[in-house]
Amino acid sequence: MNSFHDKVIYQIYPKSFCDSNGDGIGDINGITSKLDYLKDLGVDYIWSTPFFKSPQNDNGYDVADYLFIEPMFGTMEDVDRLIREADKRGIGLMFDMVFNHTSTSHEWFQKALAGDPKYQAYYIFKDGDPDTPPTNWESKFGGSAWEYVPTLQKWYLHLFDVSQADLNWENPEVREELKNVIRFWKNRGVKGFRFDVVNLISKPAVFEDDHDGDGRRFYTDGRHVHEFLHELVHDTGIQDMITVGEMSSTSLDNCIRYSNPANGELSMAFSFHHLKIDYKNGDKWELMPPDLHHLKDLFQTWQVGMQEGHGWNALFWENHDQPRIVSRLGDDQHYWRESAKMLGTMIHLMRGTPYVFQGEELGMTNAHFTSIDQYKDVESRNYYRILMEERGKSKEETLKILQERSRDNGRTPMQWTGEENAGFTADAVTPWIEVPDYKKEANAKDEMGDPESIRAYYKKLIGLRKEYPIIADGTIAFFDDDNDSVMAYERREGEQSLLVLSNMTADPIRAAVPDGKAFAAGKTLIDSYGEGQTAAVHEDSTITLRPYEAVAVLL
Ligand code: GLC
Ligand code: CA
């Protein structure tokens with residue numbers, strides 16, 4: 001198995017990246033037109049979220065045909081050209097495989113609905129009374145996870161939207177179909193794959209009610225998931241390609257198994273625990289300030305645990321399902337640049353492979369939308385209703401929650417310029433989702449010309465990983481455990497040591513360093529306050545970090 005320790009991946013949400021033909025929707029040719037920008041940033045792979053044929057109820061995560069390009073995004077020729085042009089620049093494409101479910105418009109599901117037993121066995125249909133779903137499980141987008149089909153007198157399972165029917169992986173024919181999808185894209189020159197919610201594919205033998213939760217404990221990291229992944233990877237011969245699984249509500253032990261090279265499953269795993277530290281009682285729709293103590297604890301557990309188990313983490317703050325990190329853990333008003341840079345440093349110098357989500361490298365912020373009409377996301381729109389009708393929230397409270405939690409915060413158009421439509425589409429066009437007024441200065445054009453910009457800083461971070469093997473391959477250990485305001489860790493390789501300290505607050509903070517003398521004599525690789533800025537070491541082997549300052553010193 002190949003390792004991807006010195007690589008950096010850039011995630012594109014095509015609908016919001018760049019519109020090449022003036023219909024207000026980003027497209028494949030738009031991506032191709034920006035390859036030089038990505039080459040300049042220094043990334044090795046592009047993971048694009050799905051652009052396959054889809055009714056777009058969940059923006060392409062409801063796939064109706066895995067081998068056909070959704071016309072609104074372009075054509076197969078456009079995809080071939082994108083792969084070719086990226087390859088010329090040394091950039092590989094990773095495609096997003098949504099294999100837990102298909103759209104109910106998929107031919108397989110349509111045949112199932114028409115009564116074909118072969119295709120009914122592709123999904124999870126259960127007989128039952130029209131008034132009582134087979135179990136009390138809840139969909140991740142709200143409401144029951146089951147939908148009744150009167151003509152069949154059966155229910156089908158959908159862990160996500162009602163238009164996303166779960167596939168039956170127990171059926172070997174389903175697994176063969178999905179392998180063929182991989183083979184098809186591999187033959188077309190795709191260099192890697194991201195597998196959507198792939199730890200949910202193996203369902204239990206018996207379906208029963210969950211009296212303690214929403215049902216997830218019965219299908220998360222399910223009984224055959226490791227076998228299924230191994231088989232998929234082995235039979236399609238993608239062991240040496242870069243692969244990442246999106247693991248929903250997963251465990252450390254399972255992530256070790258998914259990503260330990262000896263198991264022949266995946267190169268790395270996304271887990272999300274560190275992005276729930278501001279969920280009150282674990283509930284995404286209840287606001288709470290971030291719990292930094294918990295964040296430190298989680299990074300320590302996962303970084304050290306994965307290291308001990310020979311697993312590999314995907315490192316990330318953002319994706320198309322998450323709010324913008326500078327608005328969430330930083331301060332997008334008073335310390336916009338400092339906090340964005342600090343957050344970038346913290347993640348990029350850890351053990352794992354970093355992902356940059358489009359616009360993160362510019363310090364793009366949350367949308368700060370004020371009306372439900374501005375939101376497009378199916379989850380946000382469902383919860384707008386649920387929060388008011390079922391949870392008794394006022395409209396103001398509900399809008400406040402969406403401002404912080406909506407997935408649309410990460411889906412506003414990529415800001416290429418400071419103009420009206422941010423250079424995402426022509427100025428006369430109405431983009432499919434609004435460009436927020438909030439932070440127009442977070443744009444590629446202005447930042448490319450500014451050596452102090454967040455973009456310039458991200459480029460430097462990416463470069464450091466390639467220049468210093470200690471970042472790619474060093475071990476990790478955490479220190480200064482009792483100081484909740486500072487994330488402090490040490491990377492080590494041979495005689496070398498790299499200390500990374502990040503002040504996660506808006507106050508100046510004293511932070512301990514293991515050896516004051518050595519630290520003072522070390523070489524600063526990067527500092528969020530700029531070059532030559534690193535603080536002096538005090539007598540007691542502490543340094544003072546300024547608000548949201550991060551620093552990395554090589555000893
Ligand atoms: C993943 C995707 C998300 C999608 C869901 C269902 O979580 O990232 O966007 O809605 O899977 O496919
Ligand atoms: Ca377009």
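Heavy-atom basis, side chains included; hydrogens, waters and symmetry copies ignored. A quick note: this is a predicted structure, and the numbers were derived from the prediction, not measured. In each ligand, atom 1 is the first atom listed, and ligand 1 is the first ligand listed.
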S.K.: Residue-level breakdown please: for His320 versus ligand 1, do any non-hydrogen atoms fall below 4.0 Å on the side chain, on the backbone, on both, or on neither?
M.R.: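 His320 to ligand 1: side-chain contact only, backbone stays beyond 4.0 Å.
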S.K.: Does any N, O or S atom in Asn21 come within less than 3.0 Å of the Ca ion (ligand 2)?
M.R.: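 Looking at Asn21, which is the residue asked about, there is an N, O or S atom under 3.0 Å from the Ca ion (ligand 2).
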S.K.: Is a donor on one side and an acceptor on the other found under 3.5 Å between the side chain of His106 and the backbone of Gln164?
M.R.: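 No; zero donor-acceptor contacts below 3.5 Å.
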S.K.: For Phe270, which part has a heavy atom under 4.0 Å from ligand 1: side chain, backbone, both, or neither?
M.R.: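 No part of Phe270 is near ligand 1 at this cut-off.
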S.K.: Identify the two heavy atoms, one from His158 and one from Ser139, that lie closest to each other, and give their separation to 0.1 Å.
M.R.: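 Residues His158 and Ser139, closest heavy atoms: O-CB, 4.0 Å.
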S.K.: For the Ca ion (ligand 2), give me the closest N/O/S atom belonging to Asp19, just the atom name.
M.R.: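 The Asp19 atom nearest to the Ca ion (ligand 2), restricting to N, O or S, is OD1.
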S.K.: Find all atoms of ligand 1 within a distance of less than 4.0 Å from any non-hydrogen atom belonging to Val197, and give their numbers and elements.
M.R.: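 What qualifies from ligand 1 is 1 (C), 7 (O), 11 (O).
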S.K.: Would a line drawn from the ring center of Phe95 to the ring center of Phe193 be shorter than 6.0 Å?
M.R.: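 Ring centroids of Phe95 and Phe193 are no less than 6.0 Å from each other.
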S.K.: Should Arg194 be listed as contacting ligand 1, given a heavy-atom distance under 4.0 Å as the test?
M.R.: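 Yes, Arg194 has a heavy atom closer than 4.0 Å to ligand 1.
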S.K.: Is the side chain of Asn263 donor-acceptor paired with the backbone N or O of Arg257 at a distance under 3.5 Å, no angle test?
M.R.: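 Yes, because the side chain of Asn263 sits within donor-acceptor range (under 3.5 Å) of the backbone of Arg257.
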S.K.: With a cut-off of under 6.0 Å to the ring centre and 45° to the axis, is Lys15 in cation-pi contact with Trp432?
M.R.: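 Yes, a cation-pi geometry.
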S.K.: Measuring from the Ca ion (ligand 2), name the closest N, O or S atom belonging to Asp27.
M.R.: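 The closest N, O or S atom of Asp27 to the Ca ion (ligand 2) is OD2.
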S.K.: Ligand 1 versus Glu379, non-hydrogen atoms closer than 4.0 Å: side chain, backbone, both, neither?
M.R.: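 For Glu379, there is no contact with ligand 1 at all, from either part.
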S.K.: Determine whether a donor-acceptor pair (N or O, by modelled atom type, separation under 3.5 Å) exists between the side chain of Asp62 and the backbone of Asn57.
M.R.: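 At least one qualifying donor-acceptor pair exists.
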S.K.: Need the atom name: nearest N/O/S atom of Asp23 to the Ca ion (ligand 2).
M.R.: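 Of all N, O or S atoms in Asp23, the Ca ion (ligand 2) lies closest to OD1.
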S.K.: Can you report which non-hydrogen protein atom sits closest to atom 4 (C) of ligand 1, along with the distance?
M.R.: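 That would be Asp58 OD2, 3.3 Å.
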S.K.: Taking the six-membered ring where the residue is Trp, are the ring centres of Trp285 and Tyr384 under 6.0 Å apart?
M.R.: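 So the answer is no for these two rings.
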S.K.: For the ring pair Phe270 and Phe316, is the centre-to-centre distance below 6.0 Å?
M.R.: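 Between Phe270 and Phe316, the centre distance is under 6.0 Å.
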S.K.: Ring centroids only, cut at 6.0 angstrom: are Trp137 and Phe207 within range, meaning strictly under it?
M.R.: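 Trp137 vs Phe207: aromatic centres under 6.0 Å.
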S.K.: With a cut-off of 4.0 Å, which atoms of ligand 1 are near a heavy atom of His101?
M.R.: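 Going through ligand 1 atom by atom, the ones under 4.0 Å from His101 are 6 (C), 12 (O).
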S.K.: Might you confirm whether atom CZ of Phe68 has over 12 heavy atoms from other residues, nucleotides or ligands at distances under 6.0 Å?
M.R.: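 Open.
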S.K.: Give a yes/no answer: is there an N/O/S atom of Ile25 under 3.0 Å from the Ca ion (ligand 2)?
M.R.: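 Coordinating: yes.
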S.K.: Which protein non-hydrogen atom lies closest to atom 7 (O) of ligand 1, naming both residue and atom, and how far is it?
M.R.: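 Checked against all protein heavy atoms, atom 7 (O) of ligand 1 sits closest to Glu246 OE2, 2.9 Å.
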S.K.: Just jot down the ligand 1 atoms closer than 4.0 angstrom to any heavy atom of Phe141, in number order.
M.R.: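 With Phe141 as reference, the close atoms of ligand 1 come out as 10 (O).
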S.K.: Scan Trp155, Phe109, Trp108 and name whichever one has a ring pair (Phe, Tyr, Trp, His ring centres under 6.0 Å) with Tyr123.
M.R.: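 It is Phe109, the one option of Trp155, Phe109, Trp108 that forms the ring pair (Phe, Tyr, Trp, His ring centres under 6.0 Å) with Tyr123.
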S.K.: Using heavy-atom distances only, which candidate in Leu200, Asp321, Asp196 approaches atom 12 (O) of ligand 1 most closely?
M.R.: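 Result: the heavy atom closest to atom 12 (O) of ligand 1 is in Asp196.
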S.K.: Quick one: does Lys140 get within less than 4.0 Å of ligand 1, heavy atoms only?
M.R.: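 Judged by the 4.0 Å heavy-atom criterion, Lys140 does not count as contacting ligand 1.
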S.K.: Near Arg407, which atoms of ligand 1 are under 4.0 Å from a heavy atom of that residue?
M.R.: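 Matching atoms, with element in brackets: 3 (C), 4 (C), 9 (O), 10 (O).
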